[in-house]
> 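Dumping the structure here so I can ask a few things about it.
Just the heavy atoms: all of them, side chains too, but no hydrogens, waters or symmetry mates, feed the values below. Only a predicted model underlies this, so the values are computations on that prediction, with no experimental measurement involved. The chain is numbered in sequence order, starting from 1.
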Amino acid sequence: MTIHSLNKFLLGLAMLLPGAYSHADTAVISETSSAFPYKTGEDVFKHVCAACHMPDAKGAVGAGHFPALAKNPKLAAAGYIGFVVVNGQKGMPPFGGTLTDTQIADTINYVRTHFGNNFADKVGPQDIGKLRQPGRSYQLE
């Protein structure tokens, strides 16, 4: 295991730990306060998402189940994937506290147009903002 892949694994593990998110009443992460410096959806995918969903987006099964994003018909509903990325679901942690609305939208648009997916409609930051739950904190401690 390389140091880069170990860092990705540890970051992903830290996201799963209880207490990783505060409980303040702030509902939106600032567009300048992302925990990740990545500017494009491709960069976010390669440095964040690929750690679990794999670089080819085909998913993995082992210590956990990481669903394939490649050729995934569930991605047709952009709101569904946006909600899952922002708020988390099952084993996937919420990224609403570490990624901005722009980063999330750009990443969703990237995944929905790559890996055998061909969904033409785009998601914008305003669409992601609407998926945030009122009163929920998305800020890191």
Side-chain angles (χ1 to χ4, degrees), residues 1-2 4-141:
M1 180 176 269
T2 67
H4 182 68
S5 61
L6 178 60
N7 284 340
K8 280 195 213 178
F9 171 77
L10 292 175
L11 177 62
L13 185 60
M15 297 289 296
L16 297 173
L17 296 175
Y21 299 93
S22 67
H23 299 286
D25 286 331
T26 194
V28 178
I29 186 169
S30 164
E31 283 296 316
T32 60
S33 64
S34 172
F36 298 109
Y38 311 114
K39 302 291 184 204
T40 69
E42 181 178 10
D43 284 342
V44 173
F45 178 83
K46 286 180 178 179
H47 293 96
V48 181
C49 310
C52 295
H53 295 283
M54 302 295 113
D56 60 4
K58 291 184 179 174
V61 176
H65 174 76
F66 305 98
L69 300 175
K71 298 180 183 177
N72 187 331
K74 289 183 178 179
L75 298 180
Y80 166 77
I81 192 67
F83 184 86
V84 171
V85 173
V86 170
N87 297 293
Q89 181 177 328
K90 298 181 184 175
M92 181 161 162
F95 283 92
T98 54
L99 295 171
T100 66
D101 291 349
T102 298
Q103 287 174 310
I104 293 170
D106 290 350
T107 304
I108 290 170
N109 290 330
Y110 173 74
V111 171
R112 292 179 77 233
T113 57
H114 290 78
F115 310 110
N117 298 310
N118 192 24
F119 303 105
D121 57 317
K122 298 281 184 190
V123 177
Q126 69 282 359
D127 301 315
I128 301 304
K130 293 175 187 175
L131 298 172
R132 293 180 180 275
Q133 297 172 350
R136 178 176 177 178
S137 172
Y138 291 96
Q139 300 294 330
L140 291 175
E141 290 182 333

> Taking the side chain as everything from C-beta on, heavy atoms only, tell me whether I128 gets closer than 4.5 Å to I108.
yes

> Which salt bridge (Lys or Arg N to Asp or Glu O under 4.0 Å) pairs, counting each pair once, include a residue from residues 103-119, with sequence neighbours left out?
R112-D121

> Side chains of D101 and R132: does their closest heavy-atom pair fall under 4.5 Å?
yes

> Which atom pairs, donor and acceptor, lie under 3.5 Å between side-chain atoms of residues 59-76 and protein residues at least two apart or in another chain?
{"unit_1": "N72", "atom_1": "OD1", "unit_2": "K74", "atom_2": "N", "d": "2.8"}
{"unit_1": "N72", "atom_1": "ND2", "unit_2": "A68", "atom_2": "O", "d": "2.8"}

> What pair of heavy atoms forms the shortest contact from I104 to F95, and how long is it?
CD1-O, 4.2 Å

> Nearest 0.5 angstrom please: K39 NZ to Q103 CD, how far?
7.5 Å

> On a heavy-atom basis, which atom in G124 and which in A105 lie closest, and how many Å separate them?
C-CB, 3.7 Å

> Taking C-beta and beyond as the side chain, do C49 and V111 meet within less than 4.5 Å on heavy atoms?
no

> Determine the minimum heavy-atom distance between P125 and T102, stating which atoms define it.
CG-OG1, 3.5 Å

> With sequence neighbours excluded, tell me which residues meet side chain to side chain contact (heavy atoms under 4.5 Å, CB included) with V84.
Y80, Q89, M92

> Is any side-chain heavy atom of V85 closer than 4.5 Å to a side-chain heavy atom of T107?
no

> Report the residues that fulfil side-chain hydrogen bond (donor to acceptor under 3.5 Å, both in side chains) with D43, sequence neighbours left out, ordered by chain and then residue number.
T40

> Considering all heavy atoms of both residues, which atom of L131 and which atom of V86 are nearest to each other, and what is their separation?
O-CG1, 4.5 Å

> If only atom types and distance count, is the side chain of N109 paired as donor or acceptor with the main-chain N or O of G41 below 3.5 Å?
no

> Name all residues meeting the side chain to side chain contact (heavy atoms under 4.5 Å, CB included) criterion together with D127; count only those two or more places apart in sequence or in a different chain, and write none if there are none.
V123

> How are the rings of Y110 and F115 set to each other: parallel, tilted or perpendicular (split at 30° and 60°)?
perpendicular

> Can you name the nearest heavy-atom pair linking Y38 to V48, along with the distance?
CE1-CG2, 4.1 Å

> Please identify each residue that fulfils side-chain hydrogen bond (donor to acceptor under 3.5 Å, both in side chains) with N118, with sequence neighbours left out.
none

